[in-house]
**Student:** 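This is the structure I have questions about; it appears just below.
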Amino acid sequence: QHNPHWWGNRNTIVHLFEWKWSDIAEECESFLGPRGFAGVQVSPVNENIISAGRPWWERYQPISYKLTTRSGNEEEFGDMVRRCNEVGVRIYVDVLLNHMSGDFDGVAIGTAGTEAEPSKKSFPGVPFSAQDFPPSCEITDWNNRFQVQQCELVGLKDLDQSSDWVRSKLIEFLDHLIELGVAGFRVDAAKHMASEDLEYIYRSLSDLNTDHGFPHNARPFIFQEVIDHGHETVSRDEYKDLGAVTEFRFSEEIGNAFRGNNALRWLQSWGTGWGFLPSGQALTFVDNHDNQRDAGAVLNYKSPRQYKMATAFHLAYPYGISRVMSSFAFDDHDTPPPQDAQERIISPEFDEDGACVNGWICEHRWRQIYAMVGFKNAVRDTEMAEWWDNGDSQISFCRGNKGFLAVNNNQYDLSQELNTCLPAGEYCDVISGSLINGSCTGKSVTVKDNGYGYIHIGVDDFDGMMALHVDAKV
Ligand code: ARE
């Protein structure tokens, strides 16, 4: 279940973290569809516990499978899926199959009004009761299989996925979403569930809904969150044949390289050459909603210059099933999404350039990022060719004869003739500007008959890269 069922030549998923369903529907029609995005990963859709201050992570603590959260209700969810599918943008849901909520003093009331007593493992809204959970224990050793798979991840009540009842409720929930037209699922905390149990569940799911434009017999796309830095007891390899797996080493290493801890020349063998999963099994990202909050090598929107360079490389190099992050501004781990005085999530607002202004970061609306989604679509099905580097952190390469990327992560200018592999003509650099009504608002490059063009990326330029492709020929 590795096929994401993208439409036409599209190929990038954007994670609209904590967005409301009605805003996503709007975004599909007004921005994502026209810009060629392939899909959206949405925040968890089922009822969750209400935590004081409304941190984003309350949504990782389910109470029932009713589709009411701060993002909207079932009707709004269904409307979003339909409208996004109509403009060729697929919806993938973040699903919590591993656990229910953590401890809560007394009776908790969820986002759909359902009561539960998590400390007694009592979730009448499903219903689940104590017998549906293994005995409680804590994970203290992340390399102990029993603990990782049978104990409680950060105290979240751990469901027993080997039980027929638990399986049937999870399958019913996922089938309900398939019926509403989703294309697949991000499986949260997959490492904490036995792969045999997941295999049973995935195999039992319905085919995608043909009323939403999917072909007959299309299986839901599955991408599993397995954090494996390369030496885990429960490894990514146990899951990769069931569906795609999040390749966390991609995120860590791309952060390292673009922070300057590793010369970019080494990226020539990026992908399987670095020990990553085969391309069709790897869900790739510069940052995700968890590791963007951790200190360390991973890049996030707070280092925009490096972040944009890393994203350009991510989307230009032919490796992986790409996902880009779209964040809200945060100070610490618990910062809630933009909300009003009644703690309702607010809608994003945009300035005249289309950038978000009210607490939403919307990396996907940064020109340098959405332009690279266009690049990736334009060069689809071509190979990487004509790698060049200066022996350090200036690099360039072609994608067949359809696209060219150059990056300068050294502290001096890149100025030279390079092989762009493109047919002769003038090309608009989609990083510094856009091609609008036949004229380029940024830098442009003249490619000669032999495919070479003069490339200049100054150390003081606003962005450290240049990207040319056949759909942006002046
Ligand atoms: C919150 C509170 C906790 C409290 C708990 C229960 O923060 O203090 O104990 O509630 O009341 C998210 C948040 C958590 C939050 C949780 C539930 O990040 O802070 O807990 O929601 O509300 C491991 C897992 C991996 C997991 C990460 C976070 O393997 O699956 O930890 N990631 C997913 C999601 C998270 C989400 C959950 C799972 C839970 O993406 O957003 O948590 O649904 C090494 C190991 C990794 C380990 C990692 C932890 O790298 O190899 O396996 O990841 O350390 O950093």
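Every number for a ligand or one of its atoms is a count from 1 in the order of the listing. Basis for what follows: all heavy atoms, side chains included, without hydrogens, waters or symmetry-related copies. Note that the numbering runs from 1 along the sequence shown for the chain.
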**Student:** Any idea which part of Leu156 is under 4.0 Å from ligand 1, heavy-atom wise: side chain, backbone, both or neither?
**Tutor:**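 Only the side chain of Leu156 comes within reach of ligand 1.
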**Student:** How far is atom 11 (O) of ligand 1 from its nearest protein heavy atom, and which residue and atom name does that atom have?
**Tutor:**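 The closest heavy atom on the protein side is Gln61 NE2, 3.4 Å.
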**Student:** Nearest protein heavy atom to atom 18 (O) of ligand 1, by residue and atom, and its distance?
**Tutor:**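 Going by distance alone, atom 18 (O) of ligand 1 is nearest to Trp56 CH2, 3.5 Å.
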**Student:** Considering only heavy atoms, does Arg186 approach ligand 1 within less than 4.0 Å through its side chain, its backbone, both, or neither?
**Tutor:**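 Contact part for Arg186 vs ligand 1: side chain (C-beta onward).
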**Student:** Can you find a protein heavy atom closer to atom 49 (C) of ligand 1 than 4.0 Å?
**Tutor:**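 No; the ligand atom in question lacks any protein heavy-atom contact below 4.0 Å.
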**Student:** Give a yes or no on whether the ring-centroid distance for Tyr301 and Tyr307 is below 6.0 angstrom.
**Tutor:**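 Not close enough - the centres of the two rings lie 6.0 Å or further apart.
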**Student:** Closest approach of Tyr319 and Thr272, non-hydrogen atoms and distance?
**Tutor:**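 What the structure gives for the nearest pair is CE1-N, 4.1 Å.
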**Student:** Please tabulate, for the side chains in residues 179-192, all donor-acceptor contacts under 3.5 angstrom to protein atoms that are two or more places apart in sequence or on a different chain.
**Tutor:**
from	atom 1	to	atom 2	distance (Å)
Arg186	NH1	Asp94	OD1	2.6
Arg186	NH1	Asp94	OD2	3.3
Arg186	NH1	Asp188	OD1	2.9
Lys191	NZ	Ile227	O	2.9
Lys191	NZ	Glu232	OE1	3.2
His192	ND1	Val148	O	2.9

**Student:** Which of the atoms in ligand 1, numbered in the order shown and given with their element, are less than 4.0 Å from a heavy-atom of Asp290?
**Tutor:**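 It comes down to these atoms of ligand 1: 18 (O), 32 (N), 33 (C), 34 (C), 35 (C), 40 (O), 41 (O).
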**Student:** Going by the order shown, which atoms of ligand 1 are within less than 4.0 Å of some heavy atom of Lys191?
**Tutor:**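 Reading through ligand 1 atom by atom, the close ones are 45 (C), 46 (C), 51 (O), 52 (O).
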**Student:** For Gln147 and Thr140, does a side-chain donor sit closer than 3.5 Å to a side-chain acceptor?
**Tutor:**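 There is such a pair (donor and acceptor under 3.5 Å, judged by atom type) between the side chains of Gln147 and Thr140.
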**Student:** Looking only at distances, please establish whether an N/O atom of ligand 1 is found under 3.5 Å from an N/O atom of His229.
**Tutor:**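 Such a contact does occur with ligand 1.
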**Student:** Which option, Phe104, Trp57, Tyr60, owns the non-hydrogen atom nearest atom 13 (C) of ligand 1?
**Tutor:**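 Result: the heavy atom closest to atom 13 (C) of ligand 1 is in Trp57.
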**Student:** Which ligand 1 atoms does Ala189 reach within 4.0 Å, using its non-hydrogen atoms?
**Tutor:**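 What qualifies from ligand 1 is 30 (O).
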**Student:** Considering the heavy atoms of His99, write down every atom of ligand 1 situated less than 4.0 Å from one of them.
**Tutor:**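 Every atom of ligand 1 under 4.0 Å from some heavy atom of His99: 39 (C), 43 (O).
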**Student:** Considering only NZ, NE, NH1 and NH2 on the basic side and carboxylate oxygens on the acidic side, decide whether Arg305 and Asp463 come within less than 4.0 Å.
**Tutor:**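 Salt bridge absent between Arg305 and Asp463.
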**Student:** Might you check, step by step, whether the distance between atom 54 (O) of ligand 1 and some protein heavy atom is under 4.0 Å?
**Tutor:**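 When distances to the protein are checked, atom 54 (O) of ligand 1 has no heavy atom within 4.0 Å.
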**Student:** Are Arg54 and Glu18 within salt-bridge range, i.e. N to O under 4.0 Å?
**Tutor:**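 Salt bridge absent between Arg54 and Glu18.
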**Student:** We want to know whether Asn48 and Glu58 form a side-chain donor-acceptor pair, criterion being a heavy-atom distance below 3.5 angstrom.
**Tutor:**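 There is such a pair (donor and acceptor under 3.5 Å, judged by atom type) between the side chains of Asn48 and Glu58.
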**Student:** Please check atom 8 (O) of ligand 1 for a protein heavy-atom neighbour under 4.0 Å.
**Tutor:**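 Given the 4.0 Å limit, the answer for atom 8 (O) of ligand 1 is no, no protein heavy atom qualifies.
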**Student:** Indicate every side-chain donor-acceptor pair of residues 130-139 with a distance under 3.5 Å to a residue at least two apart or in another chain.
**Tutor:**
from	atom 1	to	atom 2	distance (Å)
Asp132	OD2	Ser129	N	2.9
Ser136	OG	Lys121	NZ	2.9
Ser136	OG	Glu152	OE2	2.8

**Student:** Looking at Arg83 and Glu86, is there a salt bridge between them, counting it only when a charged N and a carboxylate O are closer than 4.0 Å?
**Tutor:**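 Judged by the 4.0 Å cut-off on N to carboxylate O distance, Glu86 and Arg83 do not form a salt bridge.
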**Student:** Taking atom types as modelled and ignoring hydrogens, do the side chains of Ser204 and Arg167 form a donor-acceptor contact shorter than 3.5 angstrom?
**Tutor:**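 Their side chains do not contain a donor-acceptor pair, so the 3.5 Å distance test is not met.
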**Student:** Please indicate whether any nitrogen or oxygen in Glu58 is less than 3.5 Å from any nitrogen or oxygen in ligand 1.
**Tutor:**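 Not met; the criterion fails.
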**Student:** Who gets closest to atom 37 (C) of ligand 1 by heavy atom: Asp228, Asp188, Val187?
**Tutor:**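 Checking each option, the heavy atom nearest atom 37 (C) of ligand 1 is found in Asp188.
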**Student:** I need the atoms of ligand 1 closer than 4.0 Å to a non-hydrogen atom of Glu232, numbered in the order shown.
**Tutor:**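 Those qualifying, in numeric order: 51 (O).
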**Student:** Thinking salt bridges, do Arg236 and Glu247 make one under a 4.0 Å N-O criterion?
**Tutor:**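 Yes.
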**Student:** Polar-atom distance check: Val154 versus ligand 1, any N or O pair below 3.5 Å?
**Tutor:**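 Among all N and O atoms of Val154, at least one is under 3.5 Å from an N or O of ligand 1.
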**Student:** Does Glu225 reach ligand 1 with a nitrogen or oxygen that is under 3.5 Å from one of the ligand's nitrogen or oxygen atoms?
**Tutor:**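 Yes, Glu225 has an N/O under 3.5 Å of an N/O on ligand 1.
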